[in-house]
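Have a look at the structure below, then the notes.
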Amino acid sequence: MKVRTRFAPSPTGYMHIGNLRTALYEYLIAKAAGGDFILRIEDTDQKRYVEGATEIIYNTLKTVGMNWDEGPDIGGNFGPYVQSERKPIYAEYAHKLVELGGAHYCFCSKSEADEEKNEELNIKFKDPCKLIPLEEAKKRVAAGEPYVIRQNINKKGKSKYHDEVYGDIEIDYDELDEGVLLKSDGFPTYNFANVVDDHLMEITHVVRGNEYISSTPKYNLIYEDFGWEHPHYVHVPPVMKDAQHKLSKRNGDASFQDLVAKGYLPEAIINYIALLGWNPGTEEEIFSLDDLKKIFTVERLNRSPAIFDITKLTWMNGCYIRALSPEKFHKLASPYYQGMPLGVDQEALSRALHPRVETLGQIAEQTDFIRQLPDYSLDLYTNKKMKTDANIAKEVMPAIKEILSAQQDWSNDALFESLKALAEKLGVKNGQVLYPARIALSGKETTPGGATELAVILGKEESLRRIDAALAKL
RNA sequence: GGUCCCAUCGUCUAAUGGUUAGGACAUCACCCUUUCACGGUGGUAAUAUGGGUUCGAAUCCCGUUGGGAUCACCA
């Protein structure tokens, strides 16, 4: 039997990291077995629908390379793949379930049901409508009376099932709620739609957050009532913001889009989240999506929650950036060079930046001095290790100006040789020339490159202009 | 509160009865060096807790503590 998994997000306009990780595991389980990965949109809650949200889902999956084999946009043999378009299917199966004794019609209003419940005393809603004879209930439905369809939990004792991650789970049937399966607006709840769709779409492995562990017995009951075989279950632990809180939209925690906007590479994000709750059993940790397809196994999935650590993701992103070819890095960095002065050597700038940024977003702060020389303090010229200060800068700066003005070959090596020779001629340490030159060129304590690299980046004209400014300042 | 789940360095994790409890990030120190990075070397740092079982427990069992989930006409 072909392995089939599905990613079934609801279109709320936000691709959260935990969801993306679930999608990744679903994708990997299918692809590791040569199976199919299906995309299904769960939009049964009309109140929560967000315009454009499905595009975010499509774009995210495409960006990371998780291509689906069936879905709303490309179709497939088990469509439609949008739940709101499957409304008649759920109604049909819900009424069928009533006939099979797995559910009943309920005419209570929402408030009536709420009143009967008492959470403190742990009293569950006992639906009086369950006692209405089926024939009578059907007449009331036919007469147009508003109704919902509720599940029947008639079994006693313990429900047992096996989870691929958590092992054997046992839950008492008394704990289960006789929840609504078909709402009064005719839409199914998740509790019903997921079972019907997963069965009809022949999903073999249901992968979802572990908050569903305790309601899974209810779904199994539905499978049983229909005489269907239930799928393999793979419940995964949540991705946390800290020890107490899940990553959530409400807290403004980073979504996939946010991370990309900050200059994280999709490949790095995927690599990092794959390792949040899963490990390959070796000490390697850099994996492409294709690598993961080859080595992923559910056995190595973890049971405990994992805290999302942006610091480690940042490190990993740095690894991916450094692994880029110089050309590719330059291409990715270029958008951040908008509005740079004309004389700036952008390729030299990219070479300097490449090993120095861990996210593309860091380019802005690293290059701010290029657009405009900061109004720096003379204290910057003081460096103990280099044995320099403003006085020494004042002494060497005219000579630096002279050398640079006469310099023909504006390459890094040539500039370095010239300045080194100058230091020797003046009888000072190399650093006593190079350090003041770097401060004069940048006005910053730390820069992406040394004095000569900055000179190359800025170009001769701008470099000399800055040396002059330093002369005036000193 | 009932039920279910979870528990190894600060963080992600390895070790499926026998290891000086391993790796990675972070952190610290040193080296390299034209500032800062990159790179290299080394260090600090963990089995929540109490009982059992066993020659031997991070690992198996029970309790405790701590945390999370669930108990919607949300998914």
Side-chain angles (χ1 to χ4, degrees), chain A residues 8-10 12 42-45 47-48 106 108-110 113-114 117 119-122 124-125 146 148-150 163 166-167 169-172 174-177 179-185 187-191 193-194 208-217 235 237-238 240 242-246 272 275-286 300 302-316 318 322 352-358 366 380 383 385-386 412 415-416 419-420 423 430-431 433-435 437-439 442 444-454:
Chain A
S10 51
T12 57
E42 305 216 332
D43 60 345
T44 57
D45 187 0
K47 295 185 287 292
R48 297 212 311 181
C106 168
C108 300
S109 69
K110 192 175 181 305
D114 284 344
K117 273 197 299 200
E119 283 182 18
E120 282 194 9
L121 294 174
N122 201 26
K124 291 199 184 300
F125 172 57
V148 299
I149 291 181
R150 279 184 186 277
D163 182 85
Y166 287 92
I169 306 284
E170 269 190 26
I171 288 166
D172 204 296
D174 286 344
E175 292 295 323
L176 272 28
D177 220 31
V180 171
L181 301 181
L182 199 73
K183 301 186 254 188
S184 52
D185 63 4
F187 278 97
T189 59
Y190 168 84
N191 297 326
N194 93 85
R208 46 152 87 118
N210 72 0
E211 67 268 27
Y212 293 100
I213 285 181
S214 41
S215 47
T216 296
H235 286 102
M240 310 290 284
D242 55 48
Q244 276 75 32
H245 309 281
K246 272 202 205 189
Y272 176 70
L275 263 21
L276 267 186
W278 176 86
N279 76 82
T282 65
E283 287 179 354
E284 281 176 77
E285 47 185 4
I286 301 295
R300 298 204 71 92
N302 253 343
R303 281 175 299 277
S304 34
I307 298 174
F308 179 81
D309 182 12
I310 190 87
T311 310
K312 182 146 186 178
L313 168 60
T314 303
W315 165 78
M316 191 171 274
R322 274 173 258 129
L353 250 20
H354 198 166
R356 289 182 173 83
V357 293
E358 291 189 299
Q366 291 250 28
L380 273 188
N383 182 285
K385 206 175 137 210
M386 294 292 121
N412 187 57
L415 284 163
F416 188 59
L419 290 177
K420 213 166 75 173
N430 288 349
V433 169
L434 292 163
Y435 196 92
R438 189 180 64 82
I439 298 301
S442 67
K444 279 184 88 177
E445 190 176 1
T446 64
T447 51
T452 60
E453 287 166 284
L454 296 189

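Chain letters run A, B, ... following the sequence lines, proteins first and then strands; every chain starts at 1. Only heavy atoms go into these numbers, but all of them, side chains included; no hydrogens, no water, no symmetry mates.
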[Y] backbone acceptor or donor facing [X] side chain under 3.5 Å:
{"X": "A/Tyr212", "Y": "A/His235", "value": "no"}
{"X": "A/Asn302", "Y": "A/Trp278", "value": "no"}
{"X": "A/Glu453", "Y": "A/Asn412", "value": "no"}
{"X": "A/Asn383", "Y": "A/Met386", "value": "yes"}

Shortest side-chain distance from [X], nucleotide among [options]:
{"X": "A/Asn279", "options": "B/C36, B/U13, B/U3", "result": "B/U13"}
{"X": "A/Ser10", "options": "B/U34, B/U13, B/A75", "result": "B/A75"}
{"X": "A/Tyr435", "options": "B/U34, B/U35, B/C74", "result": "B/U35"}
{"X": "A/Ile171", "options": "B/C12, B/C4, B/A72", "result": "B/C4"}
{"X": "A/Val180", "options": "B/U34, B/A37, B/C73", "result": "B/C73"}
{"X": "A/Met386", "options": "B/U13, B/U35, B/A75", "result": "B/U35"}
{"X": "A/Val148", "options": "B/U3, B/C12, B/C73", "result": "B/C73"}

What is the separation between atom [atom1] on [X] and atom [atom2] on [N], rounded to the nearest whole Å?
{"X": "A/Asp177", "N": "B/C73", "atom1": "CG", "atom2": "C1'", "result": "12 Å"}
{"X": "A/Glu211", "N": "B/C71", "atom1": "CD", "atom2": "P", "result": "10 Å"}
{"X": "A/Glu170", "N": "B/C5", "atom1": "CD", "atom2": "C1'", "result": "14 Å"}
{"X": "A/Asp163", "N": "B/A69", "atom1": "CG", "atom2": "C1'", "result": "14 Å"}
{"X": "A/Met316", "N": "B/U11", "atom1": "CE", "atom2": "P", "result": "18 Å"}
{"X": "A/His235", "N": "B/A75", "atom1": "NE2", "atom2": "P", "result": "17 Å"}
{"X": "A/Arg303", "N": "B/C12", "atom1": "CZ", "atom2": "P", "result": "15 Å"}
{"X": "A/Glu175", "N": "B/G2", "atom1": "CD", "atom2": "P", "result": "10 Å"}

Short heteroatom pairs, N/O only, protein and nucleotides 61-68 of chain B, under 3.5 Å:
none

Would you mind classifying the nucleic acid contact of [X] as base, sugar-phosphate or nothing, using non-hydrogen atoms under 4.0 angstrom?
{"X": "A/Asp43", "answer": "nothing"}
{"X": "A/Arg438", "answer": "base"}
{"X": "A/Thr44", "answer": "sugar-phosphate"}
{"X": "A/Phe187", "answer": "nothing"}
{"X": "A/Lys385", "answer": "base"}
{"X": "A/Asn383", "answer": "nothing"}
{"X": "A/Arg322", "answer": "sugar-phosphate"}
{"X": "A/Thr189", "answer": "sugar-phosphate"}
{"X": "A/Gly449", "answer": "base"}
{"X": "A/Ala451", "answer": "base"}
{"X": "A/Gln366", "answer": "nothing"}

[N] - base-pair partner by Watson-Crick or wobble geometry, distances under 3.5 Å:
{"N": "B/G17", "value": "none"}
{"N": "B/C25", "value": "B/G10"}
{"N": "B/U53", "value": "none"}
{"N": "B/A45", "value": "none"}
{"N": "B/U70", "value": "B/G2"}

Toward the 5' end of RNA chain B, which comes first, A/Tyr272 or A/Pro355, by nearest nucleotide?
->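 In this pair, the answer is A/Tyr272.
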First of A/Pro448 and A/Ser304 reached from the 5' end of RNA chain B, by closest nucleotide |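 Closest to the 5' end, via its nearest nucleotide, is A/Ser304.
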Looking at [N], does its base get a donor-acceptor pair with the side chain of [X] below 3.5 Å?
{"X": "A/Thr452", "N": "B/U34", "value": "yes"}
{"X": "A/Arg356", "N": "B/C36", "value": "yes"}
{"X": "A/Tyr212", "N": "B/A69", "value": "no"}

Salt bridge (Lys or Arg N to Asp or Glu O under 4.0 Å) partners for A/Glu211, two or more places apart =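 For A/Glu211, the residues satisfying salt bridge (Lys or Arg N to Asp or Glu O under 4.0 Å) (neighbours in sequence not counted) are A/Lys246.
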Could you tell me which non-hydrogen atom of [X] sits nearest to which non-hydrogen atom of [Y], and how far apart they are?
{"X": "A/Tyr272", "Y": "A/Ile307", "value": "OH-O, 4.0 Å"}
{"X": "A/Glu285", "Y": "A/Lys312", "value": "OE1-NZ, 3.2 Å"}
{"X": "A/Ala306", "Y": "A/Leu276", "value": "CB-CD2, 3.7 Å"}

Rounding to an integer number of angstrom, what distance separates [N] and [M] when you compare their [atom1] atoms?
{"N": "B/C38", "M": "B/C4", "atom1": "C1'", "value": "49 Å"}
{"N": "B/U16", "M": "B/U59", "atom1": "C1'", "value": "7 Å"}
{"N": "B/G50", "M": "B/A58", "atom1": "C1'", "value": "16 Å"}
{"N": "B/G39", "M": "B/A26", "atom1": "P", "value": "9 Å"}
{"N": "B/G68", "M": "B/C28", "atom1": "C1'", "value": "34 Å"}
{"N": "B/A7", "M": "B/U47", "atom1": "P", "value": "16 Å"}
{"N": "B/G63", "M": "B/U53", "atom1": "C1'", "value": "15 Å"}
{"N": "B/A15", "M": "B/C71", "atom1": "P", "value": "34 Å"}

Report yes if the side chains of [X] and [Y] come closer than 4.5 Å at any heavy-atom pair, otherwise no.
{"X": "A/Met316", "Y": "A/Leu275", "result": "yes"}
{"X": "A/Cys106", "Y": "A/Ile149", "result": "no"}
{"X": "A/Arg322", "Y": "A/Glu358", "result": "yes"}
{"X": "A/His245", "Y": "A/Met240", "result": "no"}

Judged by modelled atom types alone, do A/Thr216 and A/Arg208 share a side-chain donor-acceptor pair under 3.5 Å?
->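 A donor-acceptor contact under 3.5 Å links the two side chains.
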So, is A/Arg300 close to the B/A15 phosphate, meaning a side-chain N or O under 4.0 Å from OP1 or OP2?
->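 It does, given that an N or O in the side chain of A/Arg300 lies less than 4.0 Å from OP1 or OP2 of B/A15.
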State whether the aromatic ring of A/Tyr166 stacks on the base of B/C5, taking stacking to mean ring centres under 5.5 Å apart and ring planes under 30° to each other.
->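 Not stacked by the 5.5 Å and 30° rule.
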What distance do A/Asp309 atom CG and A/Trp315 atom CH2 have between them, rounded to the nearest 0.5 Å?
->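 It is 11.5 Å, given to the nearest 0.5 Å.
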Could you run through nucleotides 17-30 of chain B and give me one letter per nucleotide, 5' to 3': B if any protein heavy atom sits under 4.0 Å from the base, S if only the sugar-phosphate is that close, - if neither?
-> -----SSBSS----
